[in-house]
Enquirer: 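Below is a structure I'd like to ask you about.
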There are 2 protein chains.
Amino acid sequence: MTKSSRSRAGSVARRSSCPVACSLDLLGDRWTLLIARDLFRGLTRYGEFLAGPEGIPTNILADRLVRLEQAGLIKREPYQSNPPRHAYTLTPKGSDLKPVLGALAGWAMRHMPRVQADKELAAALRS
Amino acid sequence: MTKSSRSRAGSVARRSSCPVACSLDLLGDRWTLLIARDLFRGLTRYGEFLAGPEGIPTNILADRLVRLEQAGLIKREPYQSNPPRHAYTLTPKGSDLKPVLGALAGWAMRHMPRVQADKELAAALRS
DNA sequence: ACGTGTGACTTGCATAAAGCAAGTAACGTG
DNA sequence: CACGTTACTTGCTTTATGCAAGTCACACGT
């Protein structure tokens with residue numbers, strides 16, 4: 001992230017033309033889909049994401065927000081100018097990740113021990 | 001991976017009790033779900049995974065196969081004893097990832113340019 | 001019996017990403 | 001005008017990724 005970094009409708013290196021591989025090129029890491037989850041729950045501000053129970057490191061959050069914006073999954077809009085503050089929200093492309101999050105959550109509920117069902121989240125992912 | 005490593009019904013560190021976070025603790029990286037994809041397509045042997053178009057490094061493949069087995073998503077069974085060779089197949093827990101792969105593939109088809117629809121894979125994920 | 005080949009890994013090392021702590025900038029509030 | 005808040009950056013250490021090469025067990029041809 002040398003200079004502006006908040007530019008370029010970005011596509012990073014793509015490993016193959018397989019749809020699963022392409023999705024994972026963008027979403028396949030420990031944090032990206034967790035930020036998406038928070039957006040589905042209605043969070044919009046940097047500090048809100050940072051405060052989540054998983055404790056995402058601040059530099060990684062900043063990096064992922066830039067990437068997600070470059071990829072067109074979220075948009076960043078000022079909600080006040082003074083001091084300048086921005087709200088992050090899902091674009092249609094980002095909102096369409098709902099089935100992915102829903103499937104991941106459903107799988108964990110069925111197969112992983114000691115996961116906590118979150119009614120609010122479940123509702124947001126069902127909608 | 002110091003000694004045996006193919007033991008322990010493993011659970012690694014869990015960041016929170018959120019179902020999405022728990023899934024991503026296990027599946028949230030660039031390769032794990034790609035191996036799952038290959039398994040859904042019917043591949044079973046080490047060399048077959050290695051030969052995929054994405055070119056997974058051999059040490060990472062070995063590591064992920066151990067993790068997936070420890071997590072109970074796949075099982076490793078000898079299909080001949082001489083030389084000893086093993087086949088990797090999905091357990092029910094692993095097969096239940098189908099909606100996750102399906103959602104990822106569907107999202108990429110709808111939103112990413114130049115992805116190649118794979119009829120064989122689509123059929124396996126629909127089934 | 002002996003060299004060649006193949007499948008399934010392991011090991012060593014370089015590079016890249018993740019994670020932590022601390023720092024900065026712009027403002028609002030007492 | 002010192003102090004707290006929000007939203008980030010920067011620097012540095014640790015962990016993970018990726019590449020190349022090596023190993024091991026056996027099958028096969030000669």
Side-chain angles (χ1 to χ4, degrees), chain A residues 1-6 10 12-16 21 24-35 38-39 43-70 74 76-89, chain B residues 1-6 12-16 21 24-35 38-39 43-70 74-89:
Chain A
M1 294 297 157
T2 313
K3 32 185 186 179
S4 94
S5 90
R6 214 176 297 275
V12 226
R14 183 169 297 194
R15 286 173 291 178
S16 80
L24 292 176
D25 284 336
L26 183 61
L27 308 169
D29 76 319
R30 288 165 58 76
W31 294 109
T32 303
L33 286 172
L34 233 44
I35 296 171
D38 286 348
L39 287 159
L43 306 190
T44 60
R45 302 210 321 269
Y46 193 92
E48 294 178 322
F49 303 130
L50 216 51
E54 290 86 11
I56 184 171
T58 177
N59 54 342
I60 293 185
L61 175 58
D63 176 73
R64 293 303 124 90
L65 288 172
V66 170
R67 281 199 213 185
L68 284 171
E69 194 195 359
Q70 287 180 348
I74 63 175
R76 178 175 176 270
E77 286 179 310
Y79 65 92
Q80 70 177 39
S81 52
N82 201 317
R85 290 293 134 89
H86 301 88
Y88 298 92
T89 53
Chain B
M1 295 297 157
T2 313
K3 32 184 187 181
S4 93
S5 88
R6 213 177 298 275
V12 228
R14 182 169 297 196
R15 287 173 291 178
S16 79
L24 292 176
D25 285 335
L26 183 62
L27 309 169
D29 77 320
R30 288 165 58 77
W31 295 110
T32 303
L33 286 172
L34 233 44
I35 297 171
D38 286 349
L39 287 159
L43 307 190
T44 59
R45 303 212 319 271
Y46 192 92
E48 294 178 322
F49 303 130
L50 217 50
E54 290 86 11
I56 183 171
T58 177
N59 55 341
I60 293 186
L61 175 58
D63 175 73
R64 292 302 125 90
L65 288 173
V66 170
R67 282 199 212 184
L68 284 171
E69 194 195 359
Q70 288 180 348
I74 63 175
K75 64 176 175 308
R76 177 174 178 271
E77 286 179 311
Y79 66 93
Q80 69 177 38
S81 52
N82 203 315
R85 288 294 135 91
H86 301 89
Y88 298 92
T89 53

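In the text below, chain A, chain B and the rest are named by the order of the sequence lines, each starting its count at 1. These numbers were taken from a predicted model, which means no experiment stands behind them.
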Enquirer: Rounded to the nearest angstrom, tell me the gap between atom CZ in B:R67 and atom C1' in D:dA16.
Expert: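 Taking CZ of B:R67 and C1' of D:dA16, I get 9 Å after rounding.
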Enquirer: Without decimals, in angstroms, what is the distance between B:I56 CD1 and C:dA8 P?
Expert: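 Rounded to whole Å, this separation is 14 Å.
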Enquirer: Using atom CZ of B:F49 as one end and atom P of C:dC9 as the other, report the distance to the nearest whole Å.
Expert: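 Between P of C:dC9 and CZ of B:F49: 10 Å.
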Enquirer: B:W31 side chain N/O closer than 4.0 Å to the phosphate oxygens (OP1, OP2) of D:dA16?
Expert: no
Enquirer: Using a 3.5 Å distance criterion without hydrogens, assess whether the side chain of A:R76 forms a donor-acceptor pair with backbone atoms of A:L65.
Expert: no
Enquirer: For B:T58 and A:N59, take the nucleotide of DNA chain D holding the closest heavy atom to each; which residue's nucleotide lies nearer the 5' end?
Expert: A:N59
Enquirer: Can you tell me if the side-chain N/O atoms of B:R45 get under 4.0 Å from OP1 or OP2 in C:dA8?
Expert: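 The answer is yes; a side-chain N or O of B:R45 sits under 4.0 Å from OP1 or OP2.
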Enquirer: In whole Å, what is the span from the NE2 atom of B:H86 to the P atom of C:dC9?
Expert: 7 Å
Enquirer: Counting only side-chain nitrogens and oxygens, does B:R30 get under 4.0 Å of the OP1 or OP2 atom of C:dA17?
Expert: no
Enquirer: Report yes if a side-chain nitrogen or oxygen of B:R76 is closer than 4.0 Å to either non-bridging phosphate oxygen (OP1 or OP2) of C:dC9; otherwise report no.
Expert: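 B:R76 to C:dC9 OP1/OP2: side-chain N or O found under 4.0 Å.
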Enquirer: Counting only side-chain nitrogens and oxygens, does B:Y88 get under 4.0 Å of the OP1 or OP2 atom of C:dA8?
Expert: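 Checking C:dA8 against B:Y88, no side-chain N or O comes under 4.0 Å of OP1 or OP2.
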Enquirer: In whole Å, I'd like the distance from the OH atom of B:Y46 to the C1' atom of D:dA25.
Expert: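 Between C1' of D:dA25 and OH of B:Y46: 16 Å.
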Enquirer: Tell me: CG of A:L34 to C1' of C:dA18, nearest whole Å?
Expert: 15 Å
Enquirer: Treating B:D38 as the side-chain partner and B:E48 as the backbone partner, does any N or O pair qualify as donor plus acceptor under 3.5 Å?
Expert: no
Enquirer: Measure the distance from CG on A:L65 to P on D:dA7 and round it to the nearest whole Å.
Expert: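 To the nearest whole Å, that distance equals 11 Å.
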Enquirer: Rounded to the nearest Å, what distance is computed from the CZ atom of residue B:R85 to the P atom of nucleotide D:dA25?
Expert: 12 Å
Enquirer: With nearest nucleotides of DNA chain D determined for B:D29 and B:P84 from heavy-atom distances, which residue corresponds to the more 5′ nucleotide?
Expert: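 Residue closer to the 5' terminus by nearest nucleotide: B:D29.
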Enquirer: Might you work through the side-chain contact (heavy atoms from CB on, under 4.5 Å) test for A:R45 and A:Y79, ending with a clear yes or no?
Expert: CA-CA 10 Å; A:R45 302 210 321 269; A:Y79 65 92; 2.8 Å; yes
Enquirer: Measuring from A:Y88:OH to A:L43:CG, what's the distance to the nearest 0.5 Å?
Expert: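 One gets 13.5 Å once the value is rounded to the nearest 0.5 Å.
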Enquirer: Given A:I74, which partner from the list A:T89, A:L68, A:I35 fulfils the side-chain contact (heavy atoms from CB on, under 4.5 Å) test?
Expert: A:L68
